[in-house]
Amino acid sequence: MILFKKSDELKKYLIKKTAEGISIGFVPTMGALHEGHLFLVRTAKEKSGLVITSIFVNPTQFNDQQDYLHYPKTIDQDILLLEKSACDVLFLPDVQEIYPSGYVANHYALGSLETVLEGKYRPGHFQGVCQVVDRLLAIVMPSTLFLGQKDYQQCMVIERLIDLKQYATKLYVVPTMRENSGLAMSSRNLRLNEQDREKAAAIHAGLTHLKSRLQPGKVQPLCDDVAMSLLQAGFEKVDYISIANAQTLEPVEEWDGNTALVALAAVFLSGVRLIDNIPLT
Ligand code: AMP
């Protein structure tokens, strides 16, 4: 695996590979890698000639400074894991490399994606995500970008970004990798103790239960039941348990029995904010 810290050197290398006819698969991450990330890398390797992973904890997407400061960092282990996996190139920029002096932040027209669900509870988050992914796509110019379905709304936001900026990059969404308990793998799980990790499995269990009870008609009571059961189980806060249109993420109050739906959750356990989702139909 080749490590690049400078974007101009990386760019030169990748332009050469592309000219040789090699397709570039790109997996952007914030590090603290787990099996979910490595699943993205393996999928990217299956579908591309060369796989590049980036590790960059992007300051502009954190609306909570404490969350940024406490974001787990395990860079030595990350490098070992990537070396053992199929990753060909690691891009490890510093903040100055991504946001050089004189960088002017764009504003991205994300429409309602920015005001629902994560957009509502994390103001400015998706603008920050677009800033970093825009910079990374301009540097890497991948044939295919690999993102995890775990961050369902983020996938839709990036799809919009690709469209807005007319990038010649395809988006490939990889299913969520879970622990045996059903808990979605996440770097943030590192901040949970063992007992909390067991408890956190209730998120996926709640969404699965909701799916099993879904019927045409009003759906809000199903969400309220799951929220209530999580609070009773010891979660300190529920930002949302929501059923939304799987294509637009608009909230659905009454299901017609046909529209494709997704159930999404954002909850706090021991001060750690966890998100998850499952397609319902
Ligand atoms: P992050 O490091 O959290 O920014 O995540 C980097 C990429 O890995 C994003 O595209 C995430 O959606 C994806 N990812 C995170 N957790 C999982 C998981 N459990 N399964 C599949 N992909 C994931």
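Every number for a ligand or one of its atoms is a count from 1 in the order of the listing. This chain uses plain numbering: 1 for the first residue, then up along the sequence.
With respect to the salt-bridge test (charged N to carboxylate O, under 4.0 angstrom), the residues Lys120 and Glu114 do not qualify. Under 4.0 Å is where a charged nitrogen must lie from a carboxylate oxygen, and between Asp276 and Arg178 at least one such pair does. Under the 4.0 Å criterion applied to side-chain N and carboxylate O atoms, Lys45 and Asp88 are assigned as salt-bridge partners.
If you look at Pro175 next to ligand 1, the close heavy atoms, those under 4.0 Å, all belong to the backbone. Neither the backbone nor the side chain of Glu35 comes within contact range of ligand 1; no heavy atom lies under 4.0 Å. Counting heavy atoms under 4.0 Å from ligand 1, residue His37 touches it through the side chain alone. Under 4.0 angstrom from ligand 1, the non-hydrogen atoms of Pro28 all belong to its backbone. At a 4.0 Å heavy-atom cut-off, ligand 1 does not touch Val27 at all.
Linking ILVMFWY side-chain heavy atoms closer than 4.5 Å, directly or via other members, places Leu82 and Leu145 in two distinct hydrophobic clusters.
The protein atom (non-hydrogen) at minimum distance from atom 12 (O) of ligand 1 is Asp151 OD2, 2.6 Å. Ranking the protein heavy atoms by distance from atom 20 (N) of ligand 1 puts Met177 N, 2.8 Å first. Looking at atom 10 (O) of ligand 1, its nearest protein heavy atom turns out to be Gly148 N, 2.9 Å.
One side chain, Ser112 or Glu250, offers a donor N or O that lies under 3.5 Å from an acceptor on the other.
Between Val252 and Leu261, some side-chain heavy-atom pair lies under the 4.5 Å cut-off.
Using a 4.0 Å cut-off to heavy atoms of Tyr71, the atoms of ligand 1 that qualify are 3 (O). Ligand-side atoms of ligand 1 in range of Met30: 1 (P), 2 (O), 4 (O), range being under 4.0 angstrom from any heavy atom. Under a 4.0 Å criterion applied to the non-hydrogen atoms of Leu40, ligand 1 contributes the atoms 7 (C), 8 (O), 10 (O), 13 (C), 21 (C), 22 (N). Residue contact check: Leu147 has heavy atoms under 4.0 Å from atoms 10 (O) of ligand 1. Residue contact check: Met185 has heavy atoms under 4.0 Å from atoms 16 (N), 17 (C), 18 (C), 19 (N) of ligand 1. Close approach of ligand 1 to Thr176 (heavy-atom distance below 4.0 Å) involves ligand atoms 19 (N), 20 (N), 21 (C). Listed by number with element, the atoms of ligand 1 under 4.0 Å from a non-hydrogen atom of Gly36 are 18 (C), 20 (N), 21 (C), 22 (N).
Around CD of Glu20, the count of heavy atoms belonging to other residues, nucleotides or ligands within 6.0 Å exceeds 12.
Nearest approach of Val272 to Arg191, heavy atoms of both residues: CG2-CB, 3.8 Å.
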Identify all side-chain donor-acceptor contacts of residues 128-140 below 3.5 Å with residues at least two apart in sequence or on another chain.
| unit_1 | atom_1 | unit_2 | atom_2 | d |
| --- | --- | --- | --- | --- |
| Gln131 | OE1 | Thr60 | OG1 | 3.1 |
| Asp134 | OD1 | Lys165 | NZ | 3.3 |
| Asp134 | OD1 | Tyr167 | OH | 2.4 |
| Asp134 | OD2 | Tyr108 | OH | 2.7 |
| Asp134 | OD2 | Lys165 | NZ | 2.8 |
| Arg135 | NE | Ile98 | O | 2.6 |
| Arg135 | NH2 | Glu97 | O | 3.0 |

Could you give the side-chain donor-acceptor pairs of residues 23-30 under 3.5 Å, partners two or more places apart or in another chain?
| unit_1 | atom_1 | unit_2 | atom_2 | d |
| --- | --- | --- | --- | --- |
| Ser23 | OG | Gly49 | N | 2.9 |
| Thr29 | OG1 | Gly31 | N | 3.1 |
| Thr29 | OG1 | Ser54 | O | 2.8 |

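Ligand 1 lies less than 4.0 angstrom from a heavy atom belonging to His34.
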